[in-house]
Amino acid sequence: MKIFRPFRQNSKENFDYIKYALGEVILVVVGILIALQVNNFNETRTEKRAMKDYFQKISFNINADIKESERLLKFRQDHIVSCNKVSKVLIENNFSDQLLIQKAIFDMIIEVQLNFNKDAFESLKSSGYLRYLKNKELEELLNDYYNQINQIEMFEIDQRDWANALELELDRTGFFYSYTQLDQKVHTDLFTLIGNYSSELKNHPGHKIIMRLLFRGGTNNSFLTGFYENHMKTGNQLIEILNQEINH
């Protein structure tokens with residue numbers, strides 16, 4: 001039986017080698033899995049930090065946006081009142097408050113500046129991190145909020161373009177030349193009394209355009225006030241959810 005002893009010894013050595021090799025493979029695989037897990041953990045932590053940073057910037061922008069909407073809402077509300085009041089006094093030939101008349105007209109044709117800030121949200125979308133957002137309520141609210149801003153901008157631009165077109169008509173008819181009395185006085189400031197609206201000026205063709213401006217200012221602005229109110233409500237809801245995500 002001595003003849004089989006070398007074979008048994010070789011078999012044992014081979015088996016030991018295979019066990020050792022398998023052990024090495026297992027160790028390598030476990031090491032790779034641990035490394036992948038650590039890498040995934042680090043990536044997740046980096047993504048969370050980046051998302052919180054974006055959320056903080058968006059929240060800061062929204063706070064500023066809400067103040068902007070408050071300013072524009074007050075402007076539109078005041079303008080509705082002044083347009084309706086001036087329409088009434090012009091119909092009644094009451095020209096006692098010339099500054100009120102002038103302000104209502106020029107508030108309609110002077111361009112309103114919009115200062116909403118969408119930079120942080122656009123950066124978040126460009127970064128690709130938005131796909132990792134698990135809070136669907138937050139995602140829907142973000143989209144709703146910025147869609148509201150786009151809607152406000154669209155209506156404000158429409159309002160401006162419409163008023164600018166009527167302003168050109170007023171200029172072509174020579175109304176502003178007569179109203180501002182350019183052949184009689186030099187003007188240095190738009191916010192002082194420019195001219196004198198009188199019963200004679202009501203006979204000018206441009207008077208009908210003025211009444212159209214006042215009509216739109218007193219009616220269509222009510223649509224815009226609703227947009228601003230909804231925008232502020234959505235903005236406050238969004239800030240609350242963003243703060244929860246930031247502090248989570």
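Below, each value reflects all heavy atoms present in this structure, side chains not excepted, and no hydrogens, waters or symmetry copies.
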Peer 1: Do L114 and L72 make a side-chain contact, defined as non-hydrogen atoms from C-beta onward lying under 4.5 Å apart?
Peer 2: yes
Peer 1: Distance from S82 atom OG to D97 atom CG, nearest 0.5 Å?
Peer 2: 10.5 Å
Peer 1: Is the NZ atom of K85 crowded by more than 12 outside heavy atoms at less than 6.0 Å?
Peer 2: no
Peer 1: Which heavy atom in I101 sits nearest to a heavy atom in V86, and how many Å separate them?
Peer 2: CA-CG2, 3.8 Å
Peer 1: The test is side chain to side chain contact (heavy atoms under 4.5 Å, CB included); show your working for L182 and H187 and say whether it passes.
Peer 2: CA-CA 8 Å; L182 290 178; H187 303 287; 3.6 Å; yes
Peer 1: Taking T192's backbone N and O only, do any of them form a donor-acceptor pair with Q102's side chain (distance below 3.5 Å, no angle check)?
Peer 2: yes
Peer 1: Say whether I152 and M154 are linked into one hydrophobic cluster, either directly or through other cluster members, by side-chain heavy-atom distances under 4.5 angstrom.
Peer 2: yes
Peer 1: Taking atom CD1 of I157 and atom CD of Q159, what is their separation to the nearest 0.5 Å?
Peer 2: 12.0 Å
Peer 1: Give the C-alpha distance, both sets of side-chain angles, the deciding distance and a yes or no for salt bridge (Lys or Arg N to Asp or Glu O under 4.0 Å) between K136 and E139.
Peer 2: CA-CA 5 Å; K136 294 301 178 184; E139 185 177 1; 3.5 Å; yes
Peer 1: Check the pair S198 / N196 against side-chain hydrogen bond (donor to acceptor under 3.5 Å, both in side chains), numbers first and verdict last.
Peer 2: CA-CA 6 Å; S198 62; N196 184 44; 4.8 Å; no
Peer 1: Quick one: do L213 and L170 satisfy side chain to side chain contact (heavy atoms under 4.5 Å, CB included)? Show the steps, please.
Peer 2: CA-CA 11 Å; L213 282 167; L170 287 169; 4.0 Å; yes
Peer 1: A side-chain contact here means heavy atoms from C-beta on lying under 4.5 Å apart; do N115 and R71 qualify?
Peer 2: yes
Peer 1: Would you mind reporting whether L124 and L133 have side-chain heavy atoms less than 4.5 Å apart?
Peer 2: no
Peer 1: Does R216 come within less than 4.0 Å of D158, counting only side-chain N to carboxylate O?
Peer 2: yes
Peer 1: Going from CD1 on I66 to CZ on F116, what distance comes out if it is rounded to the nearest 0.5 angstrom?
Peer 2: 10.0 Å
Peer 1: Between S59 (side chain only) and Q56 (backbone N and O only), is there a donor and an acceptor less than 3.5 Å apart?
Peer 2: no
Peer 1: Keeping N117 on the side-chain end and D65 on the backbone end, is there a donor-acceptor pair under 3.5 Å?
Peer 2: no
Peer 1: Please list, chain by chain and in numerical order, all residues satisfying ring-ring contact (aromatic ring centres under 6.0 Å, His included) with Y179, sequence neighbours excluded.
Peer 2: F175, Y197
Peer 1: Examine distances only and state if a side-chain atom of N243 and a backbone atom of I239 form a donor-acceptor pair shorter than 3.5 Å.
Peer 2: yes
Peer 1: May I ask whether F60 and M232 are part of the same hydrophobic cluster, defined by side-chain heavy atoms of I, L, V, M, F, W, Y residues being less than 4.5 angstrom apart, directly or through others?
Peer 2: no
Peer 1: Are side-chain N/O atoms of N230 and Q148 paired as donor and acceptor at under 3.5 Å?
Peer 2: no
Peer 1: Within the side chain of H79, is there an N or O that forms a donor-acceptor pair under 3.5 Å with the backbone of A104?
Peer 2: yes
Peer 1: State, to 0.1 Å, how close E169 and R212 come at their nearest heavy-atom pair, and which atoms those are.
Peer 2: OE1-NH1, 4.0 Å
Peer 1: Do the side chains of I105 and I80 join up, straight or via other hydrophobic residues, at under 4.5 Å, putting them in one cluster?
Peer 2: no
Peer 1: If you round to the nearest 0.5 Å, how far is CG of L138 from OH of Y145?
Peer 2: 13.0 Å
Peer 1: Can you confirm whether E137 is buried at CD, in the sense that more than 12 heavy atoms of other residues, nucleotides or ligands lie under 6.0 Å from that atom?
Peer 2: no
Peer 1: Any side-chain heavy atom of I241 sitting closer than 4.5 Å to one from F55?
Peer 2: no
Peer 1: Rounded to the nearest 0.5 Å, how far apart are CD of Q151 and CG of L224?
Peer 2: 10.0 Å
Peer 1: Would E167 and F176 count as a side chain to side chain contact (heavy atoms under 4.5 Å, CB included) here? Give the steps.
Peer 2: CA-CA 9 Å; E167 183 184 5; F176 276 132; 3.9 Å; yes
Peer 1: Near K134 NZ, under 6.0 Å, is it more than 12 heavy atoms from other residues, nucleotides or ligands?
Peer 2: no
Peer 1: How far apart are the closest heavy atoms of Q98 and G195, and which atoms are they?
Peer 2: OE1-O, 3.7 Å
Peer 1: Which heavy atom in K103 sits nearest to a heavy atom in D107, and how many Å separate them?
Peer 2: NZ-OD2, 2.7 Å
Peer 1: E156 and R76: salt bridge (Lys or Arg N to Asp or Glu O under 4.0 Å), yes or no, with the steps?
Peer 2: CA-CA 11 Å; E156 284 286 1; R76 290 300 178 194; 2.5 Å; yes
Peer 1: Can you name the nearest heavy-atom pair linking T173 to G206, along with the distance?
Peer 2: OG1-CA, 4.1 Å
Peer 1: Check the hydrophobic clustering (I, L, V, M, F, W, Y; side-chain heavy atoms under 4.5 Å; chains of links allowed) and say if I210 and I91 are grouped together.
Peer 2: yes
Peer 1: I would like to know whether H231 and F227 meet ring-ring contact (aromatic ring centres under 6.0 Å, His included); could you show each step before the answer?
Peer 2: CA-CA 6 Å; H231 173 250; F227 286 136; over 10 Å; no
Peer 1: I need the M51 CE to I58 CD1 distance, nearest 0.5 Å.
Peer 2: 8.0 Å
Peer 1: Please check if the side chain of K202 supplies one atom and the backbone of L90 the other of a donor-acceptor pair under 3.5 Å.
Peer 2: yes
Peer 1: Please examine the side chains of L201 and H207, heavy atoms only from C-beta on, and report whether any two atoms are closer than 4.5 Å.
Peer 2: no
Peer 1: State, to 0.1 Å, how close A120 and Y54 come at their nearest heavy-atom pair, and which atoms those are.
Peer 2: O-CD2, 4.1 Å
Peer 1: Answer yes or no: are there more than 12 heavy-atom neighbours, outside F215 itself, under 6.0 Å from its atom CZ?
Peer 2: no
Peer 1: For residues I194 and Y177: do they belong to one hydrophobic cluster (side chain heavy atoms under 4.5 Å, members Ile, Leu, Val, Met, Phe, Trp, Tyr)?
Peer 2: no
Peer 1: List the steps and the verdict of side chain to side chain contact (heavy atoms under 4.5 Å, CB included) for M108 and L214.
Peer 2: CA-CA 8 Å; M108 195 68 202; L214 294 172; over 6 Å; no
Peer 1: Would you call K57 and D53 a salt bridge, using N to O less than 4.0 angstrom?
Peer 2: yes
